[in-house]
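Let me begin by presenting the structure, written as structure tokens, before commenting on it.
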2 protein chains.
Amino acid sequence: MFFLRELPTRQMLLTYRDRFPDMNPQAVGEALRLLRRGSLLMRELEAYFSAHALSQTRFLTMILIDREPARDGLFPSEIADRLDISRPVVTDTIKSLERAGLLHSIRDISDRRAKKVRLTPDGRAALAAVLPGYFALIADFMDRSTDDAS
Amino acid sequence: MFFLRELPTRQMLLTYRDRFPDMNPQAVGEALRLLRRGSLLMRELEAYFSAHALSQTRFLTMILIDREPARDGLFPSEIADRLDISRPVVTDTIKSLERAGLLHSIRDISDRRAKKVRLTPDGRAALAAVLPGYFALIADFMDRSTDDAS
DNA sequence: CTTACATCGTTAGGATGCTAACTATGTAAT
DNA sequence: ATTACATAGTTAGCATCCTAACGATGTAAG
């Protein structure tokens, strides 16, 4: 998270360039706006999910599984790869979704180390319930923050 | 952090709009790219700071103080406001920077509840040492990720 | 077969963020 | 002066991320 409320003015960036001549004020300004804007959206999304007993990661885990109905479930390691998060986080995420009855997993037949994770009917319902608000939040955010900061 | 590695294709977004007609595929696509790009930059910055015994928050705290040489230090509550983070985080951040000898604080004269936090000479030196690499990392990142994903 | 190595998911421990509640101090109303 | 409320910073406890290391299982080499 990056939450600097007031980004440096153009003038402040130019002052830094005086001290560090290789510095590119344009790129730094853009990067800070990217970080600030992304963090604000992330914060709003986390708050939304939290109000629905979810989190970004739990939501995305469910989306990933839902997105591949052809497969009869995903392996935790696949989820870790696709979400680009560490496996221990996937372990905990699955555990918590199972406790909530939104996911269930079964040992793999051919590889007894592995397990397949599927959505329960409740899981599919929870996803459908949360998606409209998710899309609405994003549309609203993008509308509000149409780069008038640049 | 938002780390979905493969963002949904335009086609997948359109499929979601079929299920949720109010959904705006354009806005959602842009938002996900914003989140992904911001998270990647954040991850690189954290790695950079971590290699220098710092963190985003510790770095930004120091920058904030450095940025106002007219003041003889900032109050923790001011830092919390400007960084848009909670006060307990500021307490811990200051503690760790003091342990590293980069910051020191003194009780305020007029308000004995408050304290002023200043950079030590070591703190100023650490900041100067870390800034060129910080600017270079950002310039490189922005160069690499010039929105060819859109 | 057995030995060595790779991979799956988990556990353990650390970092960083949050909210709620606390202590100490300041301020304003009676 | 006293009472009540507000504010500064801290502590305690929770959530979520990480890396390192583990046990169990699979695979490949001799």
Side-chain angles (χ1 to χ4, degrees), chain A residues 1-4 35 38-40 42-61 73-100 103 105-117, chain B residues 1-4 35 38-40 42-61 73-100 103 105-117:
Chain A
M1 295 291 175
F2 173 91
F3 283 129
L4 194 55
L35 290 171
S39 294
L40 285 176
M42 210 122 62
R43 183 181 266 186
E44 291 193 21
L45 287 173
E46 284 295 1
Y48 174 73
F49 286 126
S50 172
H52 293 259
L54 284 178
S55 72
Q56 276 270 11
T57 302
R58 290 202 287 279
F59 169 74
L60 289 173
T61 298
L74 293 183
F75 297 115
S77 51
E78 291 178 308
I79 296 172
D81 283 350
R82 293 176 202 196
L83 288 187
D84 202 1
I85 55 178
S86 69
R87 288 195 204 184
V89 172
V90 176
T91 296
D92 289 345
T93 301
I94 290 172
K95 237 189 259 178
S96 112
L97 285 170
E98 284 183 332
R99 270 197 301 270
L103 230 63
S105 34
I106 39 173
R107 285 259 143 234
D108 193 64
I109 318 155
S110 53
D111 186 343
R112 277 178 309 167
R113 291 170 306 182
K115 69 193 219 181
K116 280 208 167 140
V117 182
Chain B
M1 294 292 175
F2 174 90
F3 283 128
L4 194 55
L35 290 170
S39 294
L40 286 176
M42 211 122 62
R43 185 180 265 183
E44 290 193 23
L45 287 173
E46 284 296 1
Y48 174 72
F49 287 126
S50 171
H52 293 259
L54 283 178
S55 72
Q56 276 270 11
T57 302
R58 289 201 287 278
F59 169 74
L60 289 174
T61 298
L74 293 183
F75 297 115
S77 51
E78 290 178 308
I79 296 172
D81 284 349
R82 292 175 201 197
L83 287 187
D84 202 2
I85 56 178
S86 68
R87 288 195 205 183
V89 172
V90 175
T91 296
D92 289 346
T93 302
I94 290 172
K95 237 189 259 176
S96 112
L97 285 170
E98 283 183 333
R99 269 197 302 270
L103 229 63
S105 32
I106 39 173
R107 285 260 144 232
D108 192 64
I109 318 154
S110 52
D111 185 343
R112 277 179 309 168
R113 292 171 305 181
K115 68 194 221 182
K116 280 209 167 140
V117 181

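Because the structure is a prediction, the values reported are computed rather than measured.
No side-chain heavy atom of A:Asp84 sits under 4.5 Å from any side-chain heavy atom of B:Leu4. Side-chain contact between B:Lys115 and B:Pro76 is present, with heavy atoms from C-beta onward closer than 4.5 Å. The closest side-chain heavy-atom distance from A:Leu45 to B:Leu35 is below 4.5 Å.
In this structure, B:Leu74 atom CG and D:dA8 atom P are separated by 14 Å, rounded to whole Å. Between B:Phe2 atom CZ and D:dC17 atom C1' the separation is 16 Å, expressed in whole Å. Note: CE (B:Met42) to C1' (D:dT16) measures 14 Å, nearest angstrom. Atom CD in B:Glu98 sits about 9 Å away from atom P in D:dT10, given to the nearest Å. Here the C1' atom of nucleotide D:dG9 and the CG atom of B:Asp81 are 13 Å apart, to the nearest Å. Here the P atom of nucleotide D:dT25 and the CG atom of A:Asp108 are 13 Å apart, to the nearest Å. The CG-C1' distance, from A:Leu83 to D:dT16, rounds to 14 Å in whole Å. In this structure, CD of B:Glu46 is placed 13 Å from P of C:dA15, rounded to the nearest angstrom.
Using a 4.0 Å heavy-atom distance criterion, A:Thr57 is classed as a sugar-phosphate-only contact.
Of all the heavy atoms in B:Glu98 and B:Leu103, the pair that sits closest is CG-O, 3.4 Å. What you find for A:Ser77 and A:Arg87 is that their closest heavy atoms are CB-CZ, 3.9 Å.
Remark: B:Ile79 CD1 to B:Thr93 OG1 distance equals 8.5 Å, nearest 0.5 Å. Rounded to the nearest 0.5 angstrom, B:Phe2 CZ and A:Leu83 CG are separated by 8.5 Å. Rounding to the nearest 0.5 Å places CG of B:Asp111 at 10.5 Å from NZ of B:Lys116.
A:Arg107 has no side-chain polar atom (N or O) that falls below the 4.0 Å cut-off from OP1 or OP2 of C:dG9. At C:dT7, none of the side-chain N or O atoms of A:Ser77 fall inside 4.0 Å of OP1 or OP2 (strictly under the cut-off). Contact annotation: A:Thr91 reaches the phosphate of C:dT10 (side-chain N/O to OP1 or OP2, under 4.0 Å).
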>> Each nucleotide in nucleotides 18-29 of chain C should get exactly one letter: B, S or -. Can you fill that in based on protein heavy atoms under 4.0 Å?
In response: BBB---BBS---
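Comparing A:Lys95 and A:Ala114 against DNA chain C, the residue whose closest nucleotide sits nearer the 5' end is A:Ala114.
Shown for residues 47-55 of chain B: no residue has heavy atoms falling under 4.0 angstrom of DNA chain D.
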For residues 52-61 of chain B, tabulate all N or O donor-acceptor pairs below 3.5 Å that involve a side-chain atom, not counting sequence neighbours.
residue : atom : partner : partner atom : Å
B:Ser55 : OG   : B:Thr57 : N            : 3.4
B:Ser55 : OG   : B:Arg58 : N            : 3.1
B:Thr61 : OG1  : B:Thr57 : O            : 2.7

